[in-house]
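Order of the sequence lines sets the chain letters (A, B, ...), proteins ahead of strands, with each chain counted from 1. On a predicted model such as this, the values are computed, not experimentally measured, just so you know.
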There are 8 protein chains.
Amino acid sequence: MVQAYILVQTEVGKAAAVASEIAAIPGVTSAEDVTGPYDVIVRAEADDVDKLGQLVVAQVQGVNGITRTLTCPVVKLG
Amino acid sequence: MVQAYILVQTEVGKAAAVASEIAAIPGVTSAEDVTGPYDVIVRAEADDVDKLGQLVVAQVQGVNGITRTLTCPVVKLG
Amino acid sequence: MVQAYILVQTEVGKAAAVASEIAAIPGVTSAEDVTGPYDVIVRAEADDVDKLGQLVVAQVQGVNGITRTLTCPVVKLG
Amino acid sequence: MVQAYILVQTEVGKAAAVASEIAAIPGVTSAEDVTGPYDVIVRAEADDVDKLGQLVVAQVQGVNGITRTLTCPVVKLG
Amino acid sequence: MVQAYILVQTEVGKAAAVASEIAAIPGVTSAEDVTGPYDVIVRAEADDVDKLGQLVVAQVQGVNGITRTLTCPVVKLG
Amino acid sequence: MVQAYILVQTEVGKAAAVASEIAAIPGVTSAEDVTGPYDVIVRAEADDVDKLGQLVVAQVQGVNGITRTLTCPVVKLG
Amino acid sequence: MVQAYILVQTEVGKAAAVASEIAAIPGVTSAEDVTGPYDVIVRAEADDVDKLGQLVVAQVQGVNGITRTLTCPVVKLG
Amino acid sequence: MVQAYILVQTEVGKAAAVASEIAAIPGVTSAEDVTGPYDVIVRAEADDVDKLGQLVVAQVQGVNGITRTLTCPVVKLG
């Protein structure tokens, strides 16, 4: 299982709608609005890194109002 | 009360119009055109960080010609 | 109460040690190693935005091996 | 007279000391700690753009704990 | 002969189509989807740096769905 | 007199046309296509920093195909 | 098996030495000097995303002269 | 012959000394201090892209006080 944070930038004025729509996608465990260079921070999980990529491109990026996503897979270094 | 700087990027050619329109929003105390990676630097204040986020998304980002905003809340570290 | 994500960059080779040390700071609810432009993503909470700023500067940034932190306060836009 | 915002990044843990030291420099009208990609936002003024550059390099960048400054001159587009 | 990596950002949801279309351009030796700040990483070669620039602007950037490309010529420093 | 470099990003496929159109603007002394994070690097001069800002916003940004400009005024520090 | 590009920034003057040292690390399939915002582009592979993270932090980042690495895992979206 | 702009970041307080030292390097045709995200903008030329890379790494980056350089080769797209 791979977990990841997805840092999302949205079109102006769309952050709240984007966060609530992303939160409903299967595999997404949280989606919150933030201030700063990103507008929404998402946490998601998938079976492997390919499935994670497909989740981001096919599901998350399909939400209207997203301009960029930056996927940061969690790694266990210990 | 929370104060913040909002660093604004605009569509090309729109900086002057954006600054004067933002300056008229209640809660905004200044809005000036600058050169560099940002086009307009705004100073605003709100009751708390949620109200500040709502001011940015609902009011500032509603101004035509804005492409990105970066909110930097002022913090008192002393 | 203010919640925030803190995106952390570390010196090369220090990510794992930094994450486990940050995880032990009171007010921090998670700290995970990630790949990409950031090395560790932290979730923290504080009474208000000033307290959050103090937590970051006085506690998180005191961890050896951190080079930059980027604090993204969670905002409720609804 | 040229006015400018100076966006300052500091070494970890140094933001508060840097802001109060910059605030005492002649030509600086304000210096506040912020969260986000920058640590301190300064407002300053000088006779012209060369004097502004000299103020930044010789005075502001002389403050211990600064790692980068980004000068954004205010421009009157109207 | 000049070789280069081209780091490509795409519109949301377009990464897979962009990569397979770029892969078919003469002079391109590979084009793979990645996660992170870039969406596709391309390797290409051309006779000289002007031809490389023309390949990027006339061929690669002609692919529908690309928003930015960043060309990094390989250099032999030894 | 203020001199400046203007780092320009263009829409994909538009770099050559943008450079030649900018080169014809009064006050612009050179405009060349480059590879890397910017697409065109321009050198321009104006009477003062306000006039420079107006040149950029009213003339340079009026060229079709530009997405961002970053103005870097030359400063004499000696 | 996970494959990745690793975009490396080095201390000034260290790019050639860093590339040749990284090229000798098991799991690394190529390491080339480039111009632009990155100094060396590496291709590597590992059993899974955790092993990839460990390769980067324990092996690649152990090379003297590296200041930042940005890992971009290859994803199969098809 | 390859021409290039080199965008240089320096340690705080070092911009003027860096610019005058770079200006004396053979192959460098100009080196000027600027404000903004870069501190010095250099123009240089070399026989080919490999020689340009060597000039940057062996000569320009050897100047004391430089922290990053970003080489942007000029390309003729016409």
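- Residues E/A44 and E/I6 come closest through the heavy atom pair CB-CD1, 4.1 Å.
- A donor-acceptor pair is defined here as one N or O able to donate and one able to accept, closer than 3.5 Å; such a pair exists between the side chain of E/Q54 and the backbone of H/K76.
- Per-residue counts of heavy-atom pairs under 4.5 Å with chain E were compared for H/V2, H/D50, H/V49; the largest is that of H/D50.
- Contact of the H/I66 side chain with the H/Q9 side chain is not registered, since no non-hydrogen atoms from C-beta on lie closer than 4.5 Å.
- Against chain E, no residue from residues 13-42 of chain H qualifies, as none has a non-hydrogen atom under 4.5 angstrom away.
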What's the verdict on side-chain contact (heavy atoms from CB on, under 4.5 Å) for E/R68 and E/V8, showing C-alpha distance, side-chain angles and the deciding distance? CA-CA 6 Å; E/R68 284 289 305 161; E/V8 178; over 6 Å; no

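- Side-chain contact between E/L52 and H/V75: absent, with no pair of heavy atoms (C-beta onward) separated by less than 4.5 Å.
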Evaluate the criterion side-chain contact (heavy atoms from CB on, under 4.5 Å) for residue pair E/Q61 and E/V56; output intermediate values, then yes/no. CA-CA 6 Å; E/Q61 293 188 352; E/V56 172; 3.9 Å; yes

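- The minimum heavy-atom distance between E/T67 and E/E11, with the atom names listed, is CG2-CG, 3.6 Å.
- If you measure heavy-atom distances from H/V74 to chain E, the contacts under 4.5 Å come from the backbone alone.
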